[in-house]
**Q** 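Quick one: structure below, then a few questions.
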There are 2 protein chains.
Amino acid sequence: MKVTRGEIVAAAREQFREKGYAGASMQDLADRIGLKKASLYMRFSNKEALVPEVLEVLLQETLSQAEAGTSGAPWQITYEKALRAIAGNLAERKRCVGLHLAYGVSDETPAAKEAVRNFFQTLREHLIALLSPVMSSDRAALVASDALARIEGATLLVAVFDDKAAMERAVQASRRDADAAVQKAR
Amino acid sequence: MKVTRGEIVAAAREQFREKGYAGASMQDLADRIGLKKASLYMRFSNKEALVPEVLEVLLQETLSQAEAGTSGAPWQITYEKALRAIAGNLAERKRCVGLHLAYGVSDETPAAKEAVRNFFQTLREHLIALLSPVMSSDRAALVASDALARIEGATLLVAVFDDKAAMERAVQASRRDADAAVQKAR
DNA sequence: TCAAAATACTACCGATCGGTCGTTTGTAAA
DNA sequence: TTTACAAACGACCGATCGGTAGTATTTTGA
């Protein structure tokens, strides 16, 4: 007895990753964690309520990976580590939870939609904060946005062609972009 | 009377774009084109069968836009036009059909999965063909793949933040990447 | 002109969807 | 040992899912 909230969220994360928001079912999720559907609804009032918590866990995991042991390191190292944290599980698991949810939520699920927006906004701001010390904040915003797009886009090649090298290239290229932006600003 | 196959495919394309594979329903699709569901099944034997035709239309549309009036133009112009054709409807419509389908299909829909693969492979090969005259085919493959990833990734920013400028930056940056690859090879 | 082929219809199928009902079980404080 | 409450349960809801059987209507070609 007693399935933890964390276990539910972790399983929901896998379901969303594999099947997207529409494709994931509460019955399936309940089965995976060894609960009956009615019991699952005890813990989460509806399907949409899973989304913010899944993204919150994913965000914390990503940010903690990004910040692990980077104190005092030069900005290039810290930035690349952050990119790699975002790229993280994407290449292994073949699909990106965030992107799958970004496409899956709509105006019919406003809470989920806002959660997705906050998730990516926080990621973006994290990257911007790493770049701001070495370039103007306007430029940092563009470089960070493009890095995010590049990494998320690489998940397409991973998903469709199993091309994991594309993800590594996206990380490296994004780091070089940041370097170039610093050079140009001088 | 008599709804054309093209009208069905066009409507299916919109549904897949907006709701993804799992989220789109045959009943909804039938309603939009003014048919009863059973009549829709007369024309397409199942939901999965819609996918290859939707992608085929999208592919032809993209390639014809890419090739329109580019005979004799320098490769940079032709390449950028192709990138812009791919980027095309993405920015307006907020979501990319190809990417939404790429994430939505699974091993349970093998025909659809293969169609998605073929779609992106053909797009990629088209870009590679444009770059091959001016760089090694290995390098062309990498540059083209990264351009595709970049543009598809930009759809995330368009979808989540309504950041259409990100798409334009992705196109411009991809063209510059190709230029740089040519310079480096000399 | 007339029959066959194509197209569309009504009506229905079993399965599953998200979600809720009333009830029982386990656990921990009083 | 009683009490109280979260957690889990079986059974069920109306709606919708993808898909099909049988029939009517339109288009077409000989």
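A note on names: the letters A, B, ... follow the listed sequences, proteins ahead of strands, and every chain is numbered from 1.
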**Q** What's the closest nucleotide to the A:M26 side chain, out of D:dG18, C:dA8, C:dG18?
**A**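 Closest nucleotide among those given: C:dG18.
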**Q** Counting only side-chain heavy atoms from C-beta out, which of C:dT7, C:dT10, D:dG19 sits nearest to B:Y41?
**A**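 Closest nucleotide among those given: D:dG19.
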**Q** Is a side-chain N or O of B:Y103 found less than 3.5 angstrom from the main chain of A:L101, in a donor-acceptor match?
**A**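 No.
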**Q** Say whether, by atom type as modelled, one donor and one acceptor occur between the side chain of A:K47 and the main chain of A:A24 under 3.5 angstrom.
**A**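 Present.
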**Q** Does C:dC9 have its OP1 or OP2 closer than 4.0 Å to a side-chain nitrogen or oxygen of B:S39?
**A**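 For B:S39, the contact criterion (side-chain N or O under 4.0 Å from OP1 or OP2 of C:dC9) is met.
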**Q** Within this structure, what is the CD-to-P distance between B:Q27 and C:dC17, rounded to whole angstrom?
**A**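 Distance, rounded to whole Å: 18 Å.
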**Q** Examine B:R5 relative to B:F44 and say whether NZ or CZ is less than 6.0 Å from the centre of the six-membered ring and inside a 45° cone about the ring axis.
**A**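 Relative to the ring axis of B:F44, which defines the angle, B:R5 lies inside both limits.
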**Q** So with a 6.0 Å cut-off around CD of B:E108, is the heavy-atom count from everything else above 12?
**A**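 No, not enclosed.
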**Q** Using heavy atoms and a sub-4.0 Å distance, could you list which residues of residues 29-37 of chain A are near DNA chain D? By number, please.
**A**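 Close to the strand are A:L35, A:K36.
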**Q** Does the side chain of B:R43 get closer than 4.0 angstrom to OP1 or OP2 of C:dA6 through an N or O atom?
**A**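 No, B:R43 has no side-chain N/O under 4.0 Å of OP1/OP2 on C:dA6.
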**Q** To the nearest Å, how far apart are B:M42 CE and C:dT7 P?
**A**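 Distance check: B:M42 CE to C:dT7 P gives 6 Å.
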**Q** Please report the distance, rounded to the nearest Å, between CG in A:N46 and P in C:dC17.
**A**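 Checked: the CG to P distance equals 16 Å.
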**Q** Roughly how many Å is it from CG in B:L50 to C1' in D:dG18, rounded to a whole number?
**A**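 Distance check: B:L50 CG to D:dG18 C1' gives 12 Å.
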**Q** Please report the distance, rounded to the nearest Å, between CZ in A:F44 and P in D:dA8.
**A**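 Distance, rounded to whole Å: 12 Å.
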**Q** For A:A22, which contact category applies under a 4.0 Å heavy-atom criterion: base, sugar-phosphate, or nothing?
**A**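 Since no nucleic acid heavy atom lies under 4.0 Å of A:A22, the category is nothing.
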**Q** Given atom CG of B:D28 and atom P of D:dC17, what is their separation to the nearest angstrom?
**A**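 For the pair B:D28 CG and D:dC17 P, the rounded distance is 6 Å.
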**Q** Can you name the nearest heavy-atom pair linking B:H126 to B:A66, along with the distance?
**A**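 The pair with the smallest heavy-atom distance is NE2-CB, 4.0 Å.
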**Q** Without hydrogens or angle criteria, can the side chains of B:Q183 and B:D179 be said to hold a donor-acceptor pair below 3.5 Å?
**A**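 There is no such pair (donor and acceptor under 3.5 Å, judged by atom type) between the side chains of B:Q183 and B:D179.
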**Q** Counting heavy atoms from C-beta on, name the nucleotide in D:dC9, D:dG19, C:dA8 closest to the side chain of B:K47.
**A**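 Output: D:dG19.
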**Q** For the pair A:V182 and A:Q76, evaluate side chain to side chain contact (heavy atoms under 4.5 Å, CB included) and give the outcome as yes or no after the intermediate values.
**A** CA-CA 11 Å; A:V182 169; A:Q76 291 97 332; over 6 Å; no
